[in-house]
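Reviewing the structure listed below.
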Amino acid sequence: MTIRTTMTAGLAALVLGTGAAAADPVTVGLITTLSGGGAGIGTDIRDGFQLALDMNGGDSIHLVVEDDGRRPEQAVQIADRMIQAEHAQILTGIIWSNLAMAVIPAVTAQEVFYISPNAGPSALAGAGCNPYYFNAAWQNDMLHEAAGAYASEHGMNHTFILAPNYPAGTDALTGFKRRYTGEIAGEIYTQLGQTDYAAEIAQIRASGADSVFIFLPGGMGISFVRQYAQSGVDLPLISTAFTVGQDSLPGMGEAALGVVNAGQWSPDLDNEANHAFVTAFREAYGRTPSLYASQAFDTANLILSAVAAADVNDHEAFRAALRAADFASVRGAFRFGNNQHPIQNVYMREVVNADGEITNRLLGLAIADYQDVFASECPMQ
Amino acid sequence: MSAALFFEQLLNGLQFGLMLFLMSAGLTLVFGVMGLINLAHGSLYMLGAFFCAAAASATGNFWLGLIAGTAAAAAAGALIETAILRRLYTRDHLDQVLATYALILILTEGTKIVFGPFPLYLNTPTLLQGTVNLGLTEYPLYRLALIGFGLAVALGLSLLITRTRLGIRIRAGENDREMIAALGVNIRALYTLVFALGAGLAGLAGALVGAVQAVQVGMGEPVLILAFVVIVIGGIGSIKGAMVGALLVGIIDTMGRFLLPRAFGLFLDPSQATVVGAALASMLIYLLMALILVLRPQGLFPAHA
């Protein structure tokens, strides 16, 4: 145990009076990307999580934050250290599916809880589901499925689809096609981290498509959307909140206006918890929260609700408390399915200029009360 | 496949190649003249883009941003050369690689601390927005301008090397640095100047490309790898080699991304063809580099042939 943890624990004991063993704060390890490309997303995850702790007093949780630099081997080392040296009882924070696949199975094998605020690879939602693993956001395919459903319902039947050539990219296009009833006008896998899309946009121009679906998170999306806007190709662009979220929109500017995208949350989603969250986040950090920040905020509140209801060392009771999801989520009501992934609404949003800020506005419901398709392969009840 | 699409892809390859040339020209000059392997060249590209974006959003003028980005990268280059790299010329390449790798980490995190972790916004100048009709196809005006820019810089650089006193010194420095020092040329100042010139070119490329791509921390490293491929293909130290290498890489990469998935589509089902084609297309320029290394290890136009 480090000096820091000991001191926090000691302070908490002093504040809460003597003999209160249950008042020992639960150590939560947050591993996320805070350096290099993708640091913006990690910053949103960290800030969203911290905000939930700050708004709730937060002395029931001792938070340890570390940077994974987007490298799987580094994330694995940090997870080991957090469990062995810091005695973390809950881990969270990972953004990328490849890092999640490297870390989560090893963590749950040691009977430590992992609550994902983002990555939801299909391998961990189906046959590989685990009682110690919860996903507080979605299974990877879910938002793309909603985008596919939207495209079909809005008369698009000749869509050109594009994603980077890595597992989450193939999941995205597979997810889109699962609920899409039209015909695919063309399908391109680009390089991960690619920054120039002239060659792809030329093919879109020549394809005779009636719409374009993209999954290009982070800088890739910023590059594509701006180049697309300049290209003179004027087909409607459909995407998900990963590509045109609040983390990327300032970098896209007006080029992103009108892009329709799927998300389980939107900054203007009308519920009490969300109003409080968006207001407090803007006040604390001076920017509008992204989807990632909303997910981290929910993850922290989920953990807080379970910590208040059960002792983390009583694994069965704590797991039951997590499964209850007894907190006011900023996405509105949701519940966990048998594979401990959310069953929830997914909405369509549109990028608009709201009083000078490029942001998302809710268009309507895309799919209601939806459970991922892998849940049936999970043996847990 | 129509002729229009093929023509548009050729233009895309040309434009990509010319931007790569701006990057590789500085890298190859620094290596040729000073014998220095500079891994931090990509960070100078990033600095160019960040300073351009910051200055353009502060002044509302893209061209002022372009000047600011180029000047900031050149100044950073001069500073790095005099403060750090000057001590490394006599060391072996491994020490240079270690020191300049450390510079990547410092400049990347420094940029994040100063400008924040979120990508910056940089738009194309109003003058160069929209598309032009080239007969066969519509083409974005800004990309056409990038081609013009790249060609103009290439021409200027070749005149500088072949027609000016500075150029004579640079070429002499490549051949025999002791001798030109003995002839009374201030070799230290020459090195600083060459390094700043290379850094400025990288900054210019970053600023120009930043108007169509994400201006974000870490944007320099993928381009740095391509620039190394270019100078290995072209021949280390040669400006002409950098030009030919950059155009080869630009056109082959673009055409590979475009044609390979189609080629595989002839005998695989479409979904598989796009995955296999995309994977092979991303390897294509490295295969080219390997081929060149086997057939002509010194590159196509070696400086010391």
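Because the structure is predicted, anything quoted here is derived from the model rather than measured. Side-chain atoms are counted along with the backbone in the values below, which use heavy atoms only and exclude waters and symmetry mates. In what follows, every chain begins at residue 1, and chains take the letters A, B, ... in the order their sequences are listed.
Of all non-hydrogen atoms in B:Arg257 and A:Ala199, the two that sit nearest each other are NH2-CB, 3.6 Å. The shortest heavy-atom contact between A:Ser231 and B:Pro140 is CA-CG, 4.0 Å. The two residues B:Ala214 and A:Gly219 come nearest to each other via the heavy atoms CB-O, 3.4 Å. Of all heavy-atom pairs between B:Pro119 and A:Asp247, the closest is CD-O, 4.0 Å. Contact record, A:Glu254 with B:Tyr121: N-OH, 4.4 Å, taken as the closest heavy-atom pair. Counting all heavy atoms, side chain and backbone alike, A:Ala202 lies closest to B:Asn12 at CB-ND2, 4.0 Å.
Contact annotation for B:Glu221: neither backbone nor side-chain heavy atoms come within less than 4.5 Å of a heavy atom of chain A. The contact between A:Gln191 and chain B is made entirely by side chain atoms (from C-beta outward), counting heavy-atom distances below 4.5 Å. B:Ala279 touches chain A through backbone and side chain together, each having a heavy atom under 4.5 Å away. Within the 4.5 angstrom heavy-atom criterion, only side-chain atoms of A:Thr43, from C-beta onward, approach chain B. At a 4.5 Å heavy-atom cutoff, the contact between B:Tyr142 and chain A is made by side-chain atoms alone.
Separating the CD1 atom in A:Ile204 from the CG atom in B:Leu5 is a distance of 11.5 Å, to the nearest 0.5 Å. For the atom pair CD (A:Gln230) and CG (B:Asn123), the distance works out to 6.5 Å, reported to the nearest 0.5 Å.
Between A:Arg205 and B:Glu138, none of the side-chain N atoms (NZ, or NE/NH1/NH2) sits under 4.0 Å from a carboxylate O, so this pair counts as no salt bridge.
Looking only at heavy-atom pairs under 4.5 Å with chain A, the residue among B:Ser282, B:Pro261, B:Gly277 that has the most is B:Ser282. Residue with the most contacts toward chain A among B:Leu120, B:Val215, B:Thr111, B:Val275: B:Val275 (heavy-atom pairs, distance under 4.5 Å). In terms of heavy-atom pairs under 4.5 Å with chain A, the best-connected choice from B:Val212, B:Leu122, B:Thr124, B:Val217 is B:Val212. Contact count against chain A (heavy-atom pairs under 4.5 Å) is highest for B:Glu109 among B:Met219, B:Glu109, B:Met255. Put simply, of A:Ala229, A:Pro250, A:Gly232, the one with the most heavy-atom pairs under 4.5 Å next to chain B is A:Pro250.
Environment of OH in B:Tyr286: crowded, with over 12 heavy atoms of neighbouring residues, nucleotides or ligands closer than 6.0 Å. Within a 6.0 Å radius of CZ in B:Phe51, no more than 12 heavy atoms belonging to other residues, nucleotides or ligands are found.
Between the B:Gln213 side chain and the A:Ser223 main chain, no donor and acceptor come within less than 3.5 Å of each other. A donor-acceptor pair is defined here as one N or O able to donate and one able to accept, closer than 3.5 Å; no such pair exists between the side chain of A:Asn165 and the backbone of B:Ala278.
For the pair A:Ile201 and B:Glu8, the minimum side-chain heavy-atom distance is 4.5 Å or more.
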